[in-house]
Amino acid sequence: MSPPLITFLSDYGLADEFVGVCHAVIAGICPSARVIDLTHGIPRQDTRAGALALLAAVPYLPVGVHLAIVDPEVGGRRRAVALASGNGRTFVGPDNGLLWLAAEAAGGVTHAVEISHSPFRLEPVAATFLGRDLFAPVAARLAAGATLGEAGPPLEPAGLVRLELPRAEVRRGEVRAHVLRLDGYGNAQLDATHEQLAAVGLQLGRRVSLTTASGEHEAVYVRTFAEAPRDALLIYEDAARRLAVAVNMGSAAARLALVDGGELVVRGVA
Amino acid sequence: MSPPLITFLSDYGLADEFVGVCHAVIAGICPSARVIDLTHGIPRQDTRAGALALLAAVPYLPVGVHLAIVDPEVGGRRRAVALASGNGRTFVGPDNGLLWLAAEAAGGVTHAVEISHSPFRLEPVAATFLGRDLFAPVAARLAAGATLGEAGPPLEPAGLVRLELPRAEVRRGEVRAHVLRLDGYGNAQLDATHEQLAAVGLQLGRRVSLTTASGEHEAVYVRTFAEAPRDALLIYEDAARRLAVAVNMGSAAARLALVDGGELVVRGVA
Amino acid sequence: MSPPLITFLSDYGLADEFVGVCHAVIAGICPSARVIDLTHGIPRQDTRAGALALLAAVPYLPVGVHLAIVDPEVGGRRRAVALASGNGRTFVGPDNGLLWLAAEAAGGVTHAVEISHSPFRLEPVAATFLGRDLFAPVAARLAAGATLGEAGPPLEPAGLVRLELPRAEVRRGEVRAHVLRLDGYGNAQLDATHEQLAAVGLQLGRRVSLTTASGEHEAVYVRTFAEAPRDALLIYEDAARRLAVAVNMGSAAARLALVDGGELVVRGVA
């Protein structure tokens, strides 16, 4: 039998001992749990980036407890929650949209409880380190077999905070898209779909124009990096099946001065 | 039964394979050991920062072997040691003050041995990578059940190198405090206590003046970030129960140009 | 009995969820596998740096599956491979030289298979994230007991891509060496050997001259950092038994403006 699995994502970074302390708290409560760090490099307090990383990961995670902490309003009025999803997963974190996209992709939220005052928390609770004193202990107890109902009082799933992503639009023969995520290689994931690019006549192997705040750029629309020349700008479908902009052996973020949420207009080249 | 636990803290960083090689050495010697990385992001050769991180973590660590390596004098005359503490913990690392604060907090050192020439070391020992050839092997053997006495000859706990922290002082109605630690969010932990702030008349919810090398700043004294406006400077009790300076949704280190050890004068605002 | 062991090295960095997702994929396929991260901080797409890190680590790794991904030609024509080495190790990664040095050091490649179209891959395979969809699944299956032959068709070891390192030369009483690696402390590993330095008359404890693109510098040739004064430039034998340049309590890379592959001329000081 597999040990209980906890995945852990946060914006804590690895410079401080915060992540290690959460691991230690989990090991103390549920020594058999295996903890997989998804990433702790989410940009500080960037709930959307955290939600998108968790969404990208969730199809590849064994069923388990998915702990996520990006919590700019720590100590404020936002609730702390634990959620059960349609396909048997459990999510633990702040109710600020961080868990929303992944929980939706995992079958939607079927049960939810508020854990802000969970009996599983460690007393005294430090208002500024709920990972250690609230979220990690609750995740560990759930991994050890506790039920959601034991973690806190029920709340109505319909009242959970949602996360709205920008949506690309097709207008007058062009796609107005936005940067959803920038990864460490400088690749930029867009909110545009294959269908939207096809709708304005763009095809694999053809050239496209990308207009950003930094001006107009030409790119090729390819299946993978190696189909474009070295240092060429390209559009491709990324590993999360979204369209993305990259530079072969380079950084699209640097080349195009891209920022999270920034707009790109994609059109065909005559 | 829980597997033997080793926690591991260093200034090795994660860019190189140093941490991974130490994990591999431990796995080879004690395959059942579970290793929790506290952090490897201690600023290079900053023994005090390492000691403070270990001190902050230790109350939350399951009892086990606590391996810590920040060793600016590697290959020099400082000793390598393994220490047993009053509450059953074992610390392994250089005798340069790194282990001192945590061992004191864990009941004080009851037994100590010098491991510089431990029979557990891997030969040939590389003078510049004692983590791999000395500290990790000793930690792994202790986790696997070896006794301190088998790791090396005894030494007098009273002769261990200690670490002195700065101490805030109350003078003429103000608190002269120092920055103990800066974390990755830019929050600055001080050496001042609640009692010292109370002694000069400061109270939760009230405004205070902070004078640093960068000038005079006004802050609010609150319980948690969310009680201060966005971008406001604030003083609060941090997760280690020490007073700290922060900016809500920002960086106090950047705002006040704070540096480790820097002085802050805290006084009430009329 | 020890659990199956997988070591994992890449240039994915830790800012994104890529490493975590590979861990999750492995945990789903082979829950009993223990995964040790060697490093994910290899400079992006720097195959040689990855190969040297793996080479430095391999003598210290328990026998297992050694997964390594630095893959600048991802999606191109380079093959994906799994290799068995003379001393019972298994290497999984791209056939671009990344695995070559470590496999040679581990007894040489005795069997090799091409896994580009392995039945173990996860469908649909994303051309830009083969770590998740190809390399991690193959490594996990091999750790779980599958044979190389089940992972893909055999290929001739003699046809594997090799990695050539620069070689220091002795000429007219001086050693012309090159920087092989720069570590996070700013220490520079050279391709020169003790024998080469001895051949031009250099001895431990003596001064040497180092000429780089940044000019001529004087260093001492010592056994370990502590034998040189603080801030002094020094030459020593590093933990991989190669000669290296360092600054005691400082960074040689910064002091000498060293770059990977850069040339250094070492000669005696009269």
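Convention: sequence-line order gives letters A, B, ...; per-chain numbering from 1.
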Nearest heavy-atom pair of [X] and [Y]: which atoms, and what distance?
X: Ala239(A); Y: Thr128(C); answer: N-OG1, 3.7 Å
X: Ala24(C); Y: Ile36(A); answer: CA-CD1, 3.8 Å
X: Ala57(A); Y: Glu17(C); answer: CB-CG, 4.3 Å

| said: What verdict does the salt bridge (charged side-chain N to carboxylate O under 4.0 Å, His left out) test give for Glu73(C) and Arg230(A), after you've listed the backbone C-alpha separation in whole Å, the side-chain angles of each residue and the deciding distance to 0.1 Å? | reply: CA-CA 10 Å; Glu73(C) 296 167 89; Arg230(A) 189 182 175 109; over 6 Å; no
Bottom line for Leu14(A): the part with an atom under 4.5 Å from chain C's heavy atoms is side chain
Under 4.5 Å to a heavy atom of chain C? For Tyr236(A) that would be side chain
Strictly distance-based, threshold 3.5 Å: is any side-chain N or O of [X] a donor or acceptor partner for the main-chain N or O of [Y]?
X: Arg44(C); Y: Gly184(A); answer: yes
X: Thr39(A); Y: Ala15(C); answer: yes
X: Arg34(A); Y: Ala27(C); answer: no

Would you check, one step at a time, whether the test side chain to side chain contact (heavy atoms under 4.5 Å, CB included) holds for Phe18(C) with Asp183(A)? CA-CA 10 Å; Phe18(C) 307 147; Asp183(A) 73 17; 3.6 Å; yes
The reported gap from OH in Tyr60(A) to CD1 in Ile26(C) (rounded to nearest 0.5 angstrom) is 14.5 Å
Determine, stepwise, if the pair Arg181(A) / Asp16(C) fulfils side chain to side chain contact (heavy atoms under 4.5 Å, CB included). CA-CA 10 Å; Arg181(A) 296 184 72 191; Asp16(C) 300 296; 4.0 Å; yes
If one checks every heavy atom of Asp11(C) against chain A at 4.5 Å, the contacting part turns out to be both
message: Can you tell me if Arg241(A) has over 12 outside heavy atoms packed within less than 6.0 Å of its CZ?
response: yes
Checklist entry - Would you call the rings of Tyr12(C) and Tyr185(A) parallel, tilted or perpendicular, where under 30° means parallel and over 60° means perpendicular? => result perpendicular
